[in-house]
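Please read these numbers as outputs of a predicted model, since none were measured by experiment. First the proteins, then the strands, lettered A, B, ... as listed; each starts at 1.
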2 protein chains.
Amino acid sequence: MQKASNGTRAGSRPDDQTGDRRGSRTVNRQVLADHVYEELLASLMDGRLEPGAAISIDGTARELDVSPTPVREALARLEHTGMVRRVALKGYRVAPVFTREDFAELMEARLVIEPVNARLACARLTPERLAELEQAVSDLKSAPRGPSFAEYKDYLEADERFHQLIAQQTGNQFMAAAYAALGGQVQRFRLFGGVGITDAEYAIAEHQSVLDAFSTGDPEKAEAAMADHVQKVRARAIADAPAD
Amino acid sequence: MQKASNGTRAGSRPDDQTGDRRGSRTVNRQVLADHVYEELLASLMDGRLEPGAAISIDGTARELDVSPTPVREALARLEHTGMVRRVALKGYRVAPVFTREDFAELMEARLVIEPVNARLACARLTPERLAELEQAVSDLKSAPRGPSFAEYKDYLEADERFHQLIAQQTGNQFMAAAYAALGGQVQRFRLFGGVGITDAEYAIAEHQSVLDAFSTGDPEKAEAAMADHVQKVRARAIADAPAD
DNA sequence: GCCGGGGCATCCCTATAGGATTTGATCATG
DNA sequence: CATGATCAAATCCTATAGGGATGCCCCGGC
């Protein structure tokens, strides 16, 4: 229908300093696919794209005012995260909703991987990393916890950051990859979407326990604290699970 | 490797003479990116693409007689497997070689994930799946083990199939994803590239032990057998590690 | 002989065009 | 009123074109 007066951008291509990411002298030419990727990820997380909805390549391209080529590349990357699914000649769709079985499987997997990560990370912890973990817990405590997405966004971000720091601190790229395969941040958003944060007090205390264990430098203690945390998260989530 | 069962939809596609004057590439009505993906994966595994080498998008497109667009999409998918790495505006390169540290990390991760997978899979094993596992071990025994890649290709394939079946049989999509994140087949090929199969006798016996444990239906036994296997694989690989 | 600059080729990245197919709506008919 | 067919719009997929940047090689000057 509307050609969306985009003739302007097509002509003046040379240097679009619109994106003021890094001000250095390096030509700030960020790949468009990266931008599309982040944009789609944000749309997926804050609910603008509901599970099961179709993601049109051309439509997304028009919406973001780019050509379909970068959109295609961004979706190809997103596919591997499990957020979107692709059917051969039909296009992309947002992954279906999380069922109770899915949740149980996720927690089972986290219970296998995360305590081990905590043990490994604790064994080779540096003061700098410990400070980062403390910062994450501090952010967790100070983050707002309102009912809407915008209000608990920071809380989830700090939560994810805490666990991801531990995964990276293991120094084992494969354990970090295994944790990443669980969908970390993404799954966290999907779990709490529509439910909100109801267990912040308990969760914060458990994170603090893990952090304390790290401070003592006892890997066994860190492993146990993390296992305890994951188990309790599962128990609480099951208790007030949404009726799906 | 070909999927010959595409006669339903793809076959109904008439009019294949769309100006194709060049070659015999009329078939393959499945998405070209899939074809490019498999082709690149094969090239990576049999050593045609050495670690560190650049993968030119345009060059690959010319070589496979397609346009750069499908190549770009295939590479975007490959990036997530860890096989290739991408630098923002520089292109793609084959991931660097495996160091001893990388290998140690991989084995540490496998030692965490695979025994658990074995326990979970054993707990819910069906006769059909058991038969598939037996078939994999049988193939492992009968596969040739020559020095060249073509000769031990089937051996590695059966090995990977055995472990992957177990990961899938857990019924936990996240554990399967975590195992997949380790690179399964891919890493296996890279490990033995240039070394060849030297421990087939021991490895086959260990696989048989795992299979026997599955037959008894004792999850603890299966877990122990798998842990034993992974540990011994590590020990043997360290013993005759290539001088990198 | 040695060194620096310009032309040339290559490459990545994005946009645009067009073929093939599916989906949805509109309209005609039993 | 219900149902089936036809047409148009949308969509996916691939190819092609062109802009910008980087690297290489040849060649002229010192």
Side-chain angles (χ1 to χ4, degrees), chain A residues 1-19 25-37 39 53-79 84-94, chain B residues 6 8-23 25-37 39 53-79 84-94:
Chain A
M1 292 287 191
Q2 65 280 21
K3 282 292 284 190
S5 64
N6 54 3
T8 65
R9 194 177 47 75
S12 65
R13 198 77 189 100
D15 54 344
D16 53 347
Q17 282 292 50
T18 60
R25 62 177 181 82
T26 57
V27 207
N28 180 17
R29 275 198 55 192
Q30 181 183 3
V31 183
L32 278 190
D34 293 339
H35 178 235
V36 175
Y37 183 92
E39 203 69 26
I55 304 177
S56 163
I57 294 176
D58 291 351
T60 304
R62 283 191 301 270
E63 191 173 340
L64 298 181
D65 198 22
V66 296
S67 80
T69 308
V71 176
R72 180 173 294 276
E73 185 172 336
L75 282 172
R77 291 188 221 166
L78 271 176
E79 184 190 1
V84 303
R85 298 189 187 285
R86 166 178 166 275
V87 183
L89 291 161
K90 302 272 294 180
Y92 290 87
R93 307 191 76 88
V94 183
Chain B
N6 55 1
T8 61
R9 181 172 297 279
S12 67
R13 208 77 61 89
D15 192 48
D16 267 343
Q17 82 284 6
T18 64
D20 187 358
R21 66 185 66 84
R22 185 163 306 174
R25 176 166 298 287
T26 69
V27 68
N28 265 345
R29 268 322 190 183
Q30 64 178 358
V31 184
L32 278 189
D34 293 338
H35 177 232
V36 175
Y37 183 91
E39 203 70 27
I55 304 178
S56 162
I57 294 177
D58 292 351
T60 304
R62 283 193 301 270
E63 191 174 340
L64 298 180
D65 201 20
V66 296
S67 80
T69 308
V71 177
R72 180 173 294 276
E73 184 172 337
L75 283 172
R77 290 187 221 165
L78 271 176
E79 184 189 2
V84 303
R85 299 190 186 284
R86 164 177 166 277
V87 182
L89 290 159
K90 301 279 293 182
Y92 290 87
R93 308 191 75 87
V94 182

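One interatomic measurement links the two molecules: CD of B:E73 to P of C:dC12, which rounds to 17 Å at whole-angstrom precision. Rounded to whole Å, atom P of D:dT16 lies 12 Å from atom CG of B:L32. Taking atom CG of residue A:L75 and atom P of nucleotide D:dT11, one finds them 14 Å apart after rounding to whole Å. A:H35 has its NE2 atom 17 Å from the C1' atom of C:dA15, to the nearest Å.
Residue B:L89 places its side chain closer to C:dC13 than to any other of D:dC13, C:dA15, C:dC13. Closest to the side chain of A:S67, out of C:dT16, C:dC13, D:dT16, is C:dT16.
Contact record, A:A76 with B:A76: CB-CB, 3.9 Å, taken as the closest heavy-atom pair. Among all heavy-atom pairs drawn from A:I55 and A:V84, the shortest one is CD1-CG1, 3.7 Å.
Here the OG1-CG distance, from B:T60 to B:D65, works out to 13.0 Å after rounding to the nearest 0.5 Å. Here the CZ-CZ distance, from B:R93 to B:R85, works out to 12.0 Å after rounding to the nearest 0.5 Å. How far CD of A:E73 is from OG1 of B:T69: 10.5 Å, rounded to the nearest 0.5 Å.
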Check nucleotides 8-11 of chain C against the protein and report each pair of N or O atoms closer than 3.5 Å, with its distance, or say if there are none.
unit_1	atom_1	unit_2	atom_2	d
C:dC11	OP2	B:R62	NH2	3.2

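Ion pairing between A:R72 and A:D58 fails under the 4.0 Å rule for side-chain N and carboxylate O.
Side-chain nitrogen and oxygen atoms of B:R72 include at least one within less than 4.0 Å of the OP1 or OP2 phosphate oxygen of C:dC13.
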